[in-house]
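A quick note: this is a predicted structure, and the numbers were derived from the prediction, not measured. Just so you know, these numbers use all the heavy atoms, side chains as well, and skip hydrogens, waters and symmetry mates.
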Amino acid sequence: MATQNVVESSEWRWVYVSSVILLLVVSLPLIWAYGVAAPDAHFMGVLVNPIDGAAYQARMYQGWQGSWLLHLPYTPEPHRGVILYTFYLAMGHLARLANLPIILVFHVVRLLCSAFMLVALYRFVADWTGDVIQRRITWALIVLGAGFGWVALMAGYLSSDMLMLPEGFPLQAILANPHFPLAIGFAALIAHVLFTALLVEQESKPEMNTQTATVAVGTLVLVSIAPFVLIPLAVGFLMVVIWLWRQRQSLPWREIQWGLVVLIFGLPLAAYNMWAISEANPIFHRWMQQNLTPSPPPWDYLIAYGPLLILAGVGLWGSRRSLQAEDMLLLGWLISGVVMLYMPLGLQRRFAMGLIIPLAIYAGRGLWRVIVPHIAARWQPVIIVLAFSLFVPTTVMAIVLPMAGAVSIKLQADDLYFVSEGEWEALNWIEANTPSDALVLASPDLSLFVPVRGRRVVYGHPYETLYAEQREQAVLDFYTGVDCRVVADEGVDYIVVGPDERRLAGSNSMCAVEGEPVFVSSDGQVVVYDTVGE
């Protein structure tokens, strides 16, 4: 059985200092993006996956308005709200109470959740060894881990999933949003509590204490924001229970009680979530039908996790004769997660979240316990550096590439990172002067940001706009003059005509805008028309 591994205060200081340095480093690209904006452009605040970043801010705006029910502002259909994405709604309430900009709260919470994740990961890593060097190596493998994407890129094989997989790698999760690192952190913390309760403190039962509260709260959080992390972890827990059952030749009732804590706190919310996206709520049901994140081909995962897979294989081989109950937690977690990546589910890729934790623990074991002891002492640091050099280029590329994307379009003052000064003024005017349920027609790029200001759009998001392809085409047809029916068909209240809309029109004649111009930007480039007033 496992033994309690204490983390000394000096060791925690190393974790805290390293975490702060890391968070400062990964914040530099975002600061840089604000700095490179052209004088007549505004950076919209999200550098990695700006499409989903805008959607998260749109949910926060609903919370800022006082709502605890989620609506989909990227689709024009009227619908009732449901209790989903409460994390972002709560962040919106916080922004209102603190009187802070939504984007500032988004990033502050993202950094706080990331700090929590980094500490929780170290705490769980420390459960597996009392060797401080191995702990630090393993933690670094989890936090900085990446794959052979840079090698594949040099060979001419390019796939974004080999370079950017925020679900799969904590560093990239830090760059993406607040709830990815929060989910990874709670997965590690729940795993630590269960590890301790099941395998260290063998008399521990669920009681009104910190351990039980941690499992309960963590379960509620994960079911709310990332249930795909909890499922493989639950399988790992079940593997431990089965192992102990066979070992003791009797049901491990104490351990089962800990499992019941997860079920009691997780099942009701999971059942509600299933109802919320069922046919009982057709709008949300349709949304989930098209909200697909399929897994890439298996070889993309092999390349993305390549160095860790090799080191973990070495660690597992070295441990093959001494597997214990605690290994079942990691193996069940890892194997079931890999299987879930290709189950017939819409959110396959999301099951990559957290898999690096068991993978890196065995990788750290393989590097420090199996490989390094066979190397002369003077060469051991070199071997460790070489091991990390296998994936550091991909880690660096994952940070640099979004910066390069922002540079390539910063002079256009549109697209997914920036809006022009006139568009910025128009967004401010729409927020301040239109009804909260107003429906706005604008270019697909600008429509991404209109819901961030609390207004609905005809099309603005490839997943959250229902019948997205048809509606995107209807918007394009309007601005190119091919088909003007979208205004009447969708009941549009306001129409935006600016640089991006004129670019869509090109040499074609845009559909005649039948409405009163109610806003003109200071540079005269953006006009908002009120079709209702007409």
- Shortest non-hydrogen pair, P50 vs L448, comes out as O-CD2, 4.1 Å

- Under 6.0 Å between the ring centres of Y74 and Y463? no

- Task: Work out which heavy atom in V229 is nearest to a heavy atom in A187; give both atom names and the distance.
- Result: CG1-CB, 3.3 Å

- Task: Of all the heavy-atom pairs spanning A188 and F124, show the shortest one and how long it is.
- Result: O-CB, 3.8 Å

- Query: Any side-chain heavy-atom pair from Y88 and L70 closer than 4.5 angstrom?
  - Reply: no

- Closest approach of P252 to W245 (non-hydrogen atoms, all atoms of both residues): CD-CB, 3.8 Å

- Find out whether L144 and F391 are in side-chain contact, i.e. whether some heavy atom of one side chain is under 4.5 Å from a heavy atom of the other. yes

- Query: If you draw a 6.0 Å radius around CH2 in W128, do more than 12 non-hydrogen atoms from other residues or ligands fall strictly inside?
  - Reply: yes

- Query: Can you list the steps and then say if V119 with W12 is a side-chain contact (heavy atoms from CB on, under 4.5 Å)?
  - Reply: CA-CA 8 Å; V119 172; W12 277 125; 3.7 Å; yes

- Task: Decide yes or no on side-chain contact (heavy atoms from CB on, under 4.5 Å) for L30 and R110, but give the supporting numbers first.
- Result: CA-CA 12 Å; L30 190 69; R110 179 179 59 81; 3.8 Å; yes

- Flag the pair I31 / Y34 as yes when at least one side-chain heavy-atom distance between them is below 4.5 Å, and no otherwise. no

- Answer yes or no: is there a side-chain heavy-atom contact under 4.5 Å between W287 and L466? yes

- Item | Pairs where residues 334-346 contributes a residue and the test side-chain hydrogen bond (donor to acceptor under 3.5 Å, both in side chains) is met, not counting sequence neighbours | none

- Query: According to the side-chain hydrogen bond (donor to acceptor under 3.5 Å, both in side chains) rule, which pairs have a member within residues 216-233, sequence neighbours left out?
  - Reply: T86-S224

- Closest non-hydrogen atoms of I277 and H285, given as atom of the first, atom of the second and distance, are O-ND1, 3.0 Å

- Only residue of I231, I357, L359, I361 satisfying side-chain contact (heavy atoms from CB on, under 4.5 Å) with W333 is I357

- Message: Students often mix this up, so state it plainly: with edges at 30° and 60°, are the rings of F284 and H79 parallel, tilted or perpendicular?
- Response: perpendicular

- Sorted by first residue and then second, give each side-chain hydrogen bond (donor to acceptor under 3.5 Å, both in side chains) pair with at least one member in residues 14-27; sequence neighbours left out. none

- Query: Taking C-beta and beyond as the side chain, do W150 and V392 meet within less than 4.5 Å on heavy atoms?
  - Reply: no

- Task: Looking only at non-hydrogen atoms, find the nearest pair between I51 and L416 and report the distance.
- Result: CG1-CD1, 3.9 Å

- Message: For a 4.5 angstrom cut-off between non-hydrogen side-chain atoms, does W275 reach S278?
- Response: yes

- Task: Could you walk me through whether L302 and F148 pass the side-chain contact (heavy atoms from CB on, under 4.5 Å) test, one step at a time?
- Result: CA-CA 9 Å; L302 292 175; F148 288 126; over 6 Å; no

- Can you sort out the partners of L267 under side chain to side chain contact (heavy atoms under 4.5 Å, CB included), two or more places apart, ordered by chain and number? L263

- Task: Check whether any side-chain heavy atom of L22 sits under 4.5 Å from a side-chain heavy atom of L171, and report yes or no.
- Result: yes

- Validation row: L316, V314 side chains within 4.5 angstrom (heavy atoms): no

- side-chain hydrogen bond (donor to acceptor under 3.5 Å, both in side chains) partners of residues 313-322, not counting sequence neighbours, each pair once: S319-R365

- Given the rule in the side-chain contact (heavy atoms from CB on, under 4.5 Å) test, do L345 and M340 qualify, once you have shown the distances and angles that lead to the verdict? CA-CA 8 Å; L345 301 168; M340 296 296 288; 3.8 Å; yes

- Please confirm whether Y56 and F87 have ring centers closer than 6.0 angstrom. no

- Message: Could you tell me if Y85 and H179 have a donor-acceptor pair between their side chains, going purely by distance under 3.5 Å?
- Response: no

- Using side chain to side chain contact (heavy atoms under 4.5 Å, CB included) as the criterion, list what pairs up with E11, not counting sequence neighbours. V7, Y122, V132, R135

